[in-house]
Novice: 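Before I ask anything, here is the structure I am working with.
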Amino acid sequence: MSVMTTALRDSLKNLRLSGMLETLDARLAQAQKGELGHLDFLQVLCQGEITRRASVALEPRLRRAKFEQQATLECFDFNASPKLPATQIRDHAALRWLHSGESVILFGPVGVWKTHVAQALGHQAVRQGANARFAKTSRILAELAGGHADRTWDKRMRELIRPDLLILDDVAMRQLHPSQADDLYELVSERQGRSLIITSNRAPSDWYPLFPNPVVAESLLDRLINASHQIIMNCPGYRPNTSDRRDPPTSRRPPDATPSCPRSLLRHKLPPPALGLTW
């Protein structure tokens with residue numbers, strides 16, 4: 001090892017550029033063989049550092065998101081049903097709606113994997129640098145109800161407003177109590193301009209009877225629908241091809257459960273930000 005190489009290693013350590021340090025030997029070998037010019041050598045070293053930092057930042061964002069499963073669109077079988085809105089889902093994976101502060105509503109019958117698509121879009125957002133949180137709507141409403149009881153409602157609401165993307169699973173499952181309807185309205189109102197992904201077994205137009213106060217229902221839906229994209233998941237009998245997934249042969253999941261994704265697809269294969277999104 002030359003004195004110059006040793007000095008370069010020391011400099012990279014001092015600058016905490018471990019991504020460059022990890023690939024330095026391989027890049028030096030390429031440069032010595034004439035495979036990399038000066039600019040190319042610097043560029044690939046910088047790209048290694050960018051990739052390392054993105055990977056390090058991804059893990060805590062995924063933990064904070066609290067996904068039930070690390071679902072991705074790469075794991076979704078778009079060929080399972082001709083009725084799947086594949087084009088629409090892939091278009092939303094570009095995240096233009098997130099960049100604009102808009103929302104997505106996925107609705108359809110049980111068994112069409114709305115939750116998987118919602119989490120996959122959330123996973124895509126996290127990979128692009130956004131902070132997200134996933135939760136069942138019933139749990140969110142229970143958290144806010146607890147806030148009324150112990151006077152932490154404002155704090156709990158702020159925690160729900162903070163993420164760039166909030167995913168509410170199973171909205172409009174049942175009749176809402178007045179306090180639940182008010183809390184849901186406040187949440188949607190406070191997140192105005194910040195994106196939501198909502199899954200539901202009912203179309204938004206069928207939510208009205210679930211609200212005890214029609215004025216609250218009208219106000220909530222007006223705020224939500226005017227700034228949202230609706231995806232109808234109307235493909236009953238959806239049965240994804242799971243032949244290449246690494247689940248134990250004896251494992252059984254309920255019909256609307258989220259599939260396990262091969263670990264190889266979850267190992268920080270970060271796509272370059274297509275839209276220049278920053279959070």
Side-chain angles (χ1 to χ4, degrees), residues 58 61-62 65-100 102-130 132 134 136 165 167-173 195-206 228-275 277:
L58 176 64
R61 288 202 305 275
L62 285 175
K66 300 181 179 179
F67 293 126
E68 289 182 338
Q69 298 285 339
Q70 296 302 331
T72 68
L73 291 177
E74 292 94 331
C75 294
F76 194 73
D77 187 2
F78 286 101
N79 297 317
S81 170
K83 293 185 178 181
L84 275 170
T87 300
Q88 203 174 1
I89 293 171
R90 289 192 177 103
D91 181 62
H92 282 74
L95 304 180
R96 287 182 290 270
W97 52 275
L98 181 62
H99 186 60
S100 301
E102 298 168 341
S103 297
V104 175
I105 303 175
L106 296 153
F107 64 92
V110 173
V112 295
W113 289 31
K114 301 179 295 293
T115 300
H116 180 102
V117 173
Q119 291 184 100
L121 290 173
H123 196 283
Q124 181 75 359
V126 171
R127 287 158 67 179
Q128 296 286 351
F134 170 89
K136 296 290 185 184
L165 173 62
I167 304 172
L168 297 177
D169 194 31
D170 290 335
V171 172
M173 284 285 287
S195 297
L196 293 162
I197 294 179
I198 288 175
T199 73
S200 179
N201 292 338
R202 308 169 191 254
S205 58
D206 296 331
S228 67
H229 304 261
Q230 297 184 34
I231 301 178
I232 304 174
M233 300 283 290
N234 189 20
C235 44
Y238 173 76
R239 290 295 180 270
N241 180 4
T242 59
S243 60
D244 60 343
R245 296 196 178 105
R246 302 176 184 178
D247 291 334
T250 57
S251 66
R252 294 185 180 180
R253 286 189 294 266
D256 207 28
T258 302
S260 298
C261 187
R263 291 182 179 274
S264 60
L265 288 176
L266 304 178
R267 291 185 184 273
H268 318 313
K269 294 188 176 180
L270 300 173
L275 302 174
L277 301 178

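All values below were derived from every heavy atom in this structure, side-chain atoms included, with hydrogens, water molecules and symmetry-related copies excluded.
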Novice: If only atom types and distance count, is the side chain of Q128 paired as donor or acceptor with the main-chain N or O of A94 below 3.5 Å?
Specialist: no
Novice: Which heavy-atom pair separates S200 from A172 by the least distance, and what is that distance?
Specialist: OG-CB, 3.9 Å
Novice: With a 4.5 Å cut-off on side-chain heavy atoms, are H92 and Q124 touching?
Specialist: no
Novice: Checking side chain to side chain donor-acceptor pair (under 3.5 Å) against T72, which of E74, Q70, Q69 comes through?
Specialist: E74
Novice: Quick check: do N234 and K83 have side-chain heavy atoms less than 4.5 Å from each other?
Specialist: no
Novice: Just so I know, are the side chains of W113 and L84 near enough to count as touching, which here means a heavy-atom distance under 4.5 Å?
Specialist: no
Novice: Side-chain donor-acceptor pair under 3.5 Å between S100 and E102, yes or no?
Specialist: no
Novice: Please enumerate all residues that pass side-chain hydrogen bond (donor to acceptor under 3.5 Å, both in side chains) together with S228, with sequence neighbours excluded.
Specialist: none
Novice: With respect to D169, which candidate in T115, I198, I197, L106 satisfies the side-chain contact (heavy atoms from CB on, under 4.5 Å) definition?
Specialist: T115
Novice: Answer yes or no: is there an ion pair linking D170 with K114, defined by an N-O contact shorter than 4.0 Å?
Specialist: no
Novice: I167 and A118: which non-hydrogen atoms are nearest, and at how many Å?
Specialist: CD1-O, 3.6 Å
Novice: What residues, two or more places apart in sequence or in another chain, satisfy side-chain hydrogen bond (donor to acceptor under 3.5 Å, both in side chains) together with D206?
Specialist: none
Novice: Out of curiosity, K66 NZ to Q119 CD, how far, rounded to the nearest 0.5 Å?
Specialist: 14.0 Å
Novice: From T199 OG1 over to M233 CE, what is the distance, rounded to the nearest 0.5 angstrom?
Specialist: 10.0 Å
Novice: How long is the gap from NE2 on H116 to CG on L73, to the nearest 0.5 Å?
Specialist: 6.5 Å
Novice: If I take atom CZ from residue R96 and atom NE2 from residue H229, how far apart are they, to the nearest 0.5 angstrom?
Specialist: 9.0 Å
Novice: Less than 4.5 Å apart, side chain to side chain, heavy atoms only: is that true for I232 and F107?
Specialist: yes
Novice: Please round to the nearest 0.5 Å and tell me the distance separating atom CG of L121 and atom CD1 of I231.
Specialist: 6.5 Å
Novice: Which of parallel (below 30°), tilted (30 to 60°) and perpendicular (above 60°) describes F67 and F134?
Specialist: tilted
Novice: About how many Å separate OG of S205 and CD of Q230, when rounded to the nearest 0.5 Å?
Specialist: 8.0 Å
